[in-house]
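Protein chains get the first letters and strands the later ones, always in sequence-line order, with residue 1 at the start of each.
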Amino acid sequence: MKQKTSAVIISQKEIAPGIFDMLLKTDLAKEAHAGQFVGVYPHDKSTLLPRPISICEADSENASLRLVYRVAGKGTAEFSKCSAGDSLDIIGILGNGYDIRPLLEKKIVLMGGGIGIPPMLELAKELKAHGTEAVSVLGYRDSQTFLKEDFEESSKLYIASEDGSVGTKGNVMNAMEAEGLVADIICACGPMPMLRAIKKYAAEKGIPAYISLEEHMACGVGACLGCVVKTKEIDHHSHVNNARICTDGPVFLAEDVEI
Amino acid sequence: MKQKTSAVIISQKEIAPGIFDMLLKTDLAKEAHAGQFVGVYPHDKSTLLPRPISICEADSENASLRLVYRVAGKGTAEFSKCSAGDSLDIIGILGNGYDIRPLLEKKIVLMGGGIGIPPMLELAKELKAHGTEAVSVLGYRDSQTFLKEDFEESSKLYIASEDGSVGTKGNVMNAMEAEGLVADIICACGPMPMLRAIKKYAAEKGIPAYISLEEHMACGVGACLGCVVKTKEIDHHSHVNNARICTDGPVFLAEDVEI
Amino acid sequence: MKTEIEIAGVKWKNPVTVGSGTFGSGMEYGEFVDLSRLGAVTTKGVANIPWPGNPTPRVTEVYGGMLNAIGLQNPGIDVFCERDLKFLEDYDTRVIVNVCGKSIQDYVDVVERLSDEKRVDMLEINVSCPNVKEGAIAFGQKTEALTEITKEIKKHAKQPVIMKLSPNVTDIAEMARAAEAAGADAISLINTITGMKIDISKRTFALANKTGGMSGPAIKPVAVRMVYQAAQAVKIPIIGMGGISTAEDALEFILAGATAVAVGAANFVNPYATIEVIEGIEDYMRRNKVEDIKELIGAVK
Amino acid sequence: MKTEIEIAGVKWKNPVTVGSGTFGSGMEYGEFVDLSRLGAVTTKGVANIPWPGNPTPRVTEVYGGMLNAIGLQNPGIDVFCERDLKFLEDYDTRVIVNVCGKSIQDYVDVVERLSDEKRVDMLEINVSCPNVKEGAIAFGQKTEALTEITKEIKKHAKQPVIMKLSPNVTDIAEMARAAEAAGADAISLINTITGMKIDISKRTFALANKTGGMSGPAIKPVAVRMVYQAAQAVKIPIIGMGGISTAEDALEFILAGATAVAVGAANFVNPYATIEVIEGIEDYMRRNKVEDIKELIGAVK
Ligand SMILES: Cc1cc2nc3c(=O)[nH]c(=O)nc-3n(C[C@H](O)[C@H](O)[C@H](O)COP(=O)(O)OP(=O)(O)OC[C@H]3O[C@@H](n4cnc5c(N)ncnc54)[C@H](O)[C@@H]3O)c2cc1C
Ligand SMILES: Cc1cc2nc3c(=O)[nH]c(=O)nc-3n(C[C@H](O)[C@H](O)[C@H](O)COP(=O)(O)OP(=O)(O)OC[C@H]3O[C@@H](n4cnc5c(N)ncnc54)[C@H](O)[C@@H]3O)c2cc1C
Ligand SMILES: Cc1cc2nc3c(=O)[nH]c(=O)nc-3n(C[C@H](O)[C@H](O)[C@H](O)COP(=O)(O)O)c2cc1C
Ligand SMILES: Cc1cc2nc3c(=O)[nH]c(=O)nc-3n(C[C@H](O)[C@H](O)[C@H](O)COP(=O)(O)O)c2cc1C
Ligand code: FES
Ligand code: FES
């Protein structure tokens, strides 16, 4: 069941400039799966809304959640200044993540771009735990290849970097091509231009692509209708061509959404 | 010169239920005198205005300011949760305190009631440093006689308590009478009914009484005209019968103000 | 200790409902709170047909609050009746249906469609949404238009009618009086205050709609003032809202003259806010030996 | 890099002034900031004779802001000219005198008295103070009254006239157009939004005046929206204010269409706020390669 609860920070470190890796102690970890997210509340009372942050890893045994985030504004700046032992209020587990059953035993390519990389890690791990090793294609700006080791452990890893300092020069699509990778299914998270390219690619190849979308959120639980994405068909809940990213997503089949 | 500056908490302890004694490291201490105050800013961004807190002791040698305050609402509740090493923004030194020259070598009675007690301590100490030992009459609610030892060190101390558990049962005026105290001059800080009684008493005896007033403040520096008290005569600054407590006071000659 | 209140003959077990649009139809928050504990559930604005709402971004945060420009996305009255009203049948709480429209006829259609719905206890007429171009707020900013729509709806409504007023007016007392004179059974206020946020790095509007409705703690003093002014102006009951997050906030509205209160955007900040407000009001009554909440309504001096 | 702006022929070295009533006549804040660094100093409202203002409490804090009901206490125009204008002679900044009154004649008296004062660069006419019973806001809430007083003042004023508008209106664009049509050289907005706070433990109004004017960061989205709407409606320059604490805030107003901005209640929170805003705007211009601040005025898309 969804809850708002207080979580204690087990550890936090800066793993690349402005990118923080935070481990939280919380029983919510037990219900968390790849593609889902939590809302993290700033303490500062002038910034009231929860910040959606994806599950990077969920360890149900140790009741710990790993969140990897980029400092983007006030809330994330505040989080980055917290230390082990501090508490943060979180709400979760939110969102409709990946259904991994249809992915098993397929040629899965996980694509992550920039701060869209962290959410793919839990998916790689869950797939591996179910005996399917995915291929990961990660796009970085430069040689700051955060989470590289983690992905190497749970998937076959290819890297692209914008400045060419590591792996293929360019973006994840360039790496895909350069490495001659083929996919039965793509799962992706990253900036909108990347997701659009993947949607197009998947349509051309006739393969399914599951993409994680972002939108500004207020409630995070499906009540406010703030976070919608246009859908091809009339949505079952809204009865218009809009689905709620926070509850119907954030993971959507690319062909179902207008991005 | 007045400043807004950051001060580090040297120590803080609860000296009576809900009453906190905080020592701050700040160069502002060098300009602080009895009767003056500082504005202390909460960190919480929903509570923006500085909280006026009187100087309880100012140690210019060690650049430390002692503030003793009661938890009254959001701001003071926040301060009470701070610990040694934390920083607080303060503005000061504010207000027009006591001119101690005319007080020297007189029979001075310092009267403090409740949370009006702390500001009288710096006055007792300054008088003593100038060779004049004052008589202090302090009114407490019960046997929680915070700052008693400090006053004993720097003045001749009499106590009143509402429940009669210490000293004279009743208020400071009762103690004054019970102890047969006489004064050339009274200096007082405390709740309004106490100040009104003192104003009346001083008028009857024909002696001057200096009283410290409180009012809700916004700027603390004399600009907003939020904190006025009605005056008998037209005020030199405002040209109406209103003086600014934050700059013309908080210490006023009782006969000059309508309270 | 009595927390029961009555509005236009409808008894609520306590004076706490939710701000329309901040709670869906209760389904989503049912995971966090027992809906049967609420005085009433006020549902998201519903129109005669499905509305797609505005483009995104539709929400953005501001100091002590948020702006929204949802644009009244809703599935239309048919789906609403079949799904949302049905869902609410299982709960022991009052149901207030918030109604929106572009023309008076739109509103009337919805009101008529609801007239036989047993689960609907009251109607709240949203003439104050700042986020849709036609209708809505236009009816809430001119006394003549407010009078006309109120009268028309009263002609067709079977349930008591609450007119929800806009704060984006010069004189809220005048609007309250117009609603009362036109037959409204109650009024609710405030809807959101129109605001704007600009992203200075992109030099664009933060919301696709440019402006949005502001809600949250930041607007509370304006809301309390308007509830007070309305309460001075009319005799019909008032449902007060705007920035209520805590029982203390709710009590300000009640003391100002509100018979009931709604928790809006605070649900997003704290999904348990409604229950905490209800319990906090009870605490306050106990501590202050208030036997009946009615003693508090409009009791500020 | 050019931060100079011009309003009604008066050049300011930068677009930053202070909100009338939040800075006295600069004397008190002169201890914190060099007044010569400001684009202009706007003084506290002054009337033809001394005004005692309202009873206390006059100020109270609210979430992200404050309410004030000072009631325009002022020493009267004679003392003001002798003392405050004299004090300002030593500073290299523009001086805007904020004028208040109960009747049109009151305003005209002050405006005439100031006509020969060399130190006065501009007049700001406060027709929007919510805290005095007569005059003031009444002129700012009806277009006819605003038109009349603006015309009358323009007849007598030697300096450019800025009409300061009230946010407590249904349609700010209409008010802005009325001021422009009546001859105003510029408008400033927003004045405070009327609010109320209730002390629930005492069950009393937090302010003696019951209502007060709300200011501070909490009102910024409403202010930005109104500045934008006014800028769309008129050609005369706009001085924007309402919740500006930082350069980022100020830039929102400029992008929304303000030629200049004022820092108000933020002075109480941070007495260096004005300087930080000036320096922050310069930083932003440098970082974004903006040669002339005029490129930013109304540049939101
Ligand atoms: C489902 C989902 C998962 C996400 N997962 C991650 C993640 O794992 N790591 C990570 O670094 N970032 C993630 N983001 C983006 C992250 O939510 C924003 O960067 C963050 O909210 C910015 O908050 P702020 O206070 O630092 O910025 P501010 O700009 O100060 O925030 C102001 C408001 O805007 C909202 N906001 C700003 N940017 C975004 C955005 N890109 N998406 C949604 N809301 C935004 C904030 O939540 C807040 O309400 C995710 C977003 C979504 C929707
Ligand atoms: C000159 C002066 C000296 C003072 N010295 C002391 C002292 O030494 N020790 C002490 O405990 N208290 C002192 N006070 C009172 C103290 O300022 C208030 O208790 C404090 O501001 C309450 O803040 P809060 O945030 O805890 O309460 P809240 O009620 O949350 O405060 C809300 C707002 O009201 C203001 N406010 C509330 N109560 C008062 C009050 N009594 N006087 C002025 N403003 C108030 C706050 O500053 C704040 O702006 C003094 C007040 C003045 C005017
Ligand atoms: C996301 C959102 C959606 C809203 N939708 C509606 C609506 O459909 N109908 C309506 O009358 N008011 C709507 N409102 C206004 C609220 O019901 C309420 O009047 C307002 O938000 C002020 O209360 P608050 O500050 O507690 O949120 C909406 C508010 C928000 C924040
Ligand atoms: C204490 C106080 C006194 C004010 N006095 C005046 C005044 O005399 N004349 C006037 O036109 N506006 C007055 N104002 C309004 C401000 O100039 C400004 O328009 C308003 O506060 C909004 O800006 P802010 O949010 O930055 O404070 C006053 C505001 C405050 C807080
Ligand atoms: S954030 Fe409220 S519906 Fe998604
Ligand atoms: S608090 Fe502003 S004048 Fe005293």
Region of A:Ile234 in contact with chain C, defined by heavy-atom distances below 4.5 Å: neither
Pick from C:Val269, C:Val79, C:Val62 with the largest number of heavy-atom pairs that fall under 4.5 Å of chain A: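 Of the candidates given, the most pairs with chain A belong to C:Val269.
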Within-4.5 Å side-chain heavy-atom neighbours: C:Pro217 and A:Leu48: yes
Closest heavy-atom pair and its distance - A:Ala223, C:Phe23: CB-C, 4.0 Å
Closest heavy-atom pair and its distance - A:Leu225, C:Ile70: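 What the structure gives for the nearest pair is O-CD1, 3.5 Å.
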For C:Ala218, side chain to side chain contact (heavy atoms under 4.5 Å, CB included) partners two or more places apart: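 Applying side chain to side chain contact (heavy atoms under 4.5 Å, CB included) to C:Ala218 gives C:Met214, D:Ala218.
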All donor-acceptor atom pairs under 3.5 Å, backbone and side chain, chain C-chain A:
{"from": "C:Glu28", "atom 1": "OE2", "to": "A:Arg244", "atom 2": "NH1", "distance (Å)": "3.1"}
{"from": "C:Glu31", "atom 1": "OE1", "to": "A:Lys2", "atom 2": "N", "distance (Å)": "3.2"}
{"from": "C:Glu31", "atom 1": "OE2", "to": "A:Lys2", "atom 2": "NZ", "distance (Å)": "3.2"}
{"from": "C:Pro52", "atom 1": "O", "to": "A:Asn242", "atom 2": "ND2", "distance (Å)": "2.8"}
{"from": "C:Thr56", "atom 1": "OG1", "to": "A:Glu215", "atom 2": "OE1", "distance (Å)": "3.1"}
{"from": "C:Arg58", "atom 1": "NH1", "to": "A:Leu225", "atom 2": "O", "distance (Å)": "2.8"}
{"from": "C:Glu61", "atom 1": "OE1", "to": "A:Arg51", "atom 2": "NH1", "distance (Å)": "3.3"}
{"from": "C:Glu61", "atom 1": "OE1", "to": "A:Arg51", "atom 2": "NH2", "distance (Å)": "2.7"}
{"from": "C:Glu61", "atom 1": "OE2", "to": "A:Leu48", "atom 2": "N", "distance (Å)": "3.0"}
{"from": "C:Glu61", "atom 1": "OE2", "to": "A:Leu49", "atom 2": "N", "distance (Å)": "2.9"}
{"from": "C:Glu61", "atom 1": "OE2", "to": "A:Arg51", "atom 2": "NH1", "distance (Å)": "2.7"}
{"from": "C:Gly64", "atom 1": "N", "to": "A:Ser46", "atom 2": "O", "distance (Å)": "2.9"}
{"from": "C:Gln73", "atom 1": "OE1", "to": "A:Asn242", "atom 2": "ND2", "distance (Å)": "3.1"}
{"from": "C:Arg83", "atom 1": "NH1", "to": "A:His237", "atom 2": "O", "distance (Å)": "2.8"}
{"from": "C:Arg83", "atom 1": "NH2", "to": "A:His237", "atom 2": "O", "distance (Å)": "3.2"}
{"from": "C:Phe268", "atom 1": "O", "to": "A:Tyr41", "atom 2": "OH", "distance (Å)": "3.1"}
{"from": "C:Val269", "atom 1": "O", "to": "A:Lys4", "atom 2": "NZ", "distance (Å)": "3.0"}
{"from": "C:Val269", "atom 1": "O", "to": "A:Tyr41", "atom 2": "OH", "distance (Å)": "3.4"}
{"from": "C:Tyr272", "atom 1": "OH", "to": "A:Lys4", "atom 2": "N", "distance (Å)": "3.0"}

